[in-house]
Amino acid sequence: MIRPYHPNDKTAVLSIWRESSSLAHPFLTHDQLDQAEAMIRDHFLDIAETYIAVSEDQAVGFIALMENEVGGLFVRPNFHGKRIGKALMDKAVDLKGELRLEVFTDNPIGRRFYQSYGFVVGIEKVDPFFGHKVLELMFTPS
């Protein structure tokens, strides 16, 4: 089931983000992760349009949207391969149509997922916050 985010979900969302980031972003330092988590907690979740994937009454994933940009798509690692990420992305496409996002070049998990979903690679640039290369990806529904 996918439902809208509620402020009571903040702790679960941050936990999902931390677990997923530890797996997909091992190149980020502990300080970078702490700073990003604070930004998500104190700012991003208040302005993003976020949806939660729930399995057996437990939040297991989320997608956060800023208009047509996917600001984040994260699924608890022990729920990878269960089509939860696809369901969250399908929700975003249903709501927004065309989507764009950035993924770290050094994140093969995310890059594989987005490629299999049908995203097309645009430009490569350096993320100003983290200092790592990211790829800009675009998705246009058929």
Side-chain angles (χ1 to χ4, degrees), residues 1-122 125-142:
M1 174 180 88
I2 296 175
R3 62 168 174 75
Y5 168 84
H6 186 276
N8 293 342
D9 296 316
K10 191 173 276 193
T11 299
V13 165
L14 292 172
S15 171
I16 292 165
W17 178 84
R18 191 66 133 178
E19 282 181 37
S20 300
S21 289
S22 294
L23 177 66
H25 309 141
F27 47 87
L28 296 179
T29 67
H30 187 71
D31 286 344
Q32 287 174 318
L33 290 170
D34 287 347
Q35 290 174 13
E37 184 174 351
M39 184 175 60
I40 293 165
R41 180 190 65 235
D42 299 337
H43 180 69
F44 186 68
L45 284 174
D46 295 330
I47 62 171
E49 181 181 351
T50 303
Y51 295 89
I52 307 293
V54 178
S55 176
E56 298 179 13
D57 295 325
Q58 176 190 1
V60 298
F62 72 93
I63 191 166
L65 306 168
M66 302 280 291
E67 297 181 16
N68 287 64
E69 182 174 356
V70 177
L73 171 66
F74 294 93
V75 176
R76 289 193 192 279
N78 57 331
F79 284 86
H80 284 190
K82 298 181 187 290
R83 304 184 61 81
I84 292 168
K86 181 184 182 316
L88 287 163
M89 191 61 71
D90 288 347
K91 175 73 171 178
V93 170
D94 288 346
L95 291 168
K96 306 295 182 178
E98 290 188 4
L99 296 172
R100 69 173 292 281
L101 59 85
E102 293 177 355
V103 63
F104 286 111
T105 303
D106 292 332
N107 176 357
I109 296 168
R111 290 179 61 191
R112 258 191 319 273
F113 171 80
Y114 296 125
Q115 181 181 10
S116 70
Y117 195 87
F119 278 82
V120 176
V121 176
K125 59 187 179 181
V126 174
D127 180 277
F129 183 79
F130 292 108
H132 290 272
K133 290 181 183 178
V134 294
L135 294 171
E136 189 173 273
L137 305 179
M138 301 291 294
F139 178 82
T140 304
S142 25

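From a predicted model like this one, the values you see are computed outputs, not experimental measurements.
For Leu23 against Pro77, the heavy-atom pair with the smallest separation is CD2-CB, 3.9 Å. In terms of heavy atoms, Val70 sits closest to Leu101 at O-CB, 3.7 Å. A pairwise comparison of heavy atoms in Ser21 and Leu33 identifies CB-CD2, 4.0 Å as the closest pair. The nearest pair of heavy atoms linking Ala92 to Ile63 is CB-CD1, 3.7 Å. Heavy atoms only, all atoms of each residue included: Phe79 and Ser55 are closest at CE2-OG, 3.9 Å.
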Could you check Asn107 against Tyr114 for side-chain hydrogen bond (donor to acceptor under 3.5 Å, both in side chains), going step by step and ending with a plain yes or no? CA-CA 11 Å; Asn107 176 357; Tyr114 296 125; over 6 Å; no
Trace of the salt bridge (charged side-chain N to carboxylate O under 4.0 Å, His left out) decision for Lys96 with Glu69: CA-CA 9 Å; Lys96 306 295 182 178; Glu69 182 174 356; over 6 Å; no
Checking Phe44 against Glu37 for the side chain to side chain contact (heavy atoms under 4.5 Å, CB included) test, could you report, in this order, the C-alpha distance in whole Å, the side-chain angles of both residues, the deciding distance, and whether it holds? CA-CA 10 Å; Phe44 186 68; Glu37 184 174 351; over 6 Å; no
Evaluate side chain to side chain contact (heavy atoms under 4.5 Å, CB included) for Asp34 paired with His30, printing each intermediate quantity in order. CA-CA 6 Å; Asp34 287 347; His30 187 71; 3.3 Å; yes
Kindly indicate, with the supporting measurements, whether the criterion side chain to side chain contact (heavy atoms under 4.5 Å, CB included) is fulfilled by Phe74 and Arg18. CA-CA 9 Å; Phe74 294 93; Arg18 191 66 133 178; over 6 Å; no
For Val134 and Val103: C-alpha separation, side-chain torsions, deciding distance, then whether side chain to side chain contact (heavy atoms under 4.5 Å, CB included) applies. CA-CA 5 Å; Val134 294; Val103 63; over 6 Å; no
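Here Arg83 pairs with Lys86 under the side chain to side chain contact (heavy atoms under 4.5 Å, CB included) rule; sequence neighbours left out. By the side chain to side chain contact (heavy atoms under 4.5 Å, CB included) test, Gln32 is found to be paired with Leu28, Thr29, Phe130, His132, residues two or more places apart in sequence or in another chain being considered. Contacts of Pro141 classified as side chain to side chain contact (heavy atoms under 4.5 Å, CB included), with partners at least two apart in sequence or in another chain: Val93, Glu98, Phe139.
Looking at Lys125 and Glu102, a side-chain N of the basic residue comes within less than 4.0 Å of a carboxylate O on the acidic one, giving a salt bridge. Taking 4.0 Å as the cut-off between side-chain N and carboxylate O, Lys10 and Asp46 count as a salt-bridged pair.
Proximity of a side-chain donor or acceptor of Asp42 to a complementary backbone N or O of Met39 within less than 3.5 Å is not detected. Put simply, the side chain of His25 never gets that close to the backbone of Phe27: no donor and acceptor are under 3.5 Å apart. Of the possible donor and acceptor atoms, none in the side chain of Lys91 sits under 3.5 Å from a partner among the backbone N and O of Tyr51.
Asp9 is listed as a side-chain neighbour of Arg3, based on a closest heavy-atom distance under 4.5 Å. When side chains are defined from C-beta on, Leu65 does not count as touching Thr50, because their heavy atoms never get closer than 4.5 Å. Residues Ile40 and Leu14 meet the side-chain proximity criterion, which asks for heavy atoms closer than 4.5 Å. Considering only heavy atoms from C-beta on, Ile2 comes within 4.5 Å of Leu88 through its side chain. Proximity of Val13 to Ile52: side-chain heavy atoms (C-beta onward) are separated by under 4.5 Å at one or more points. When side chains are defined from C-beta on, Met89 counts as touching Phe113, because their heavy atoms get closer than 4.5 Å. Taking the side chain as every heavy atom from C-beta outward, Leu137 and Gln115 never approach each other to under 4.5 Å. By the 4.5 Å heavy-atom criterion applied to side chains, Met66 and Glu49 are not counted as neighbours.
Heavy-atom neighbours of Glu67 CD from other residues, nucleotides or ligands within 6.0 Å: at or below the threshold of 12.
To the nearest 0.5 Å, atom CG of residue Asp106 and atom CZ of residue Arg111 are 8.0 Å apart. Taken to the nearest 0.5 Å, the CZ atom of Phe119 stands 5.0 Å off from the CG atom of Leu99.
Judged by distance alone, the side chains of Ser15 and Arg76 do bring a donor and an acceptor atom under 3.5 Å apart.
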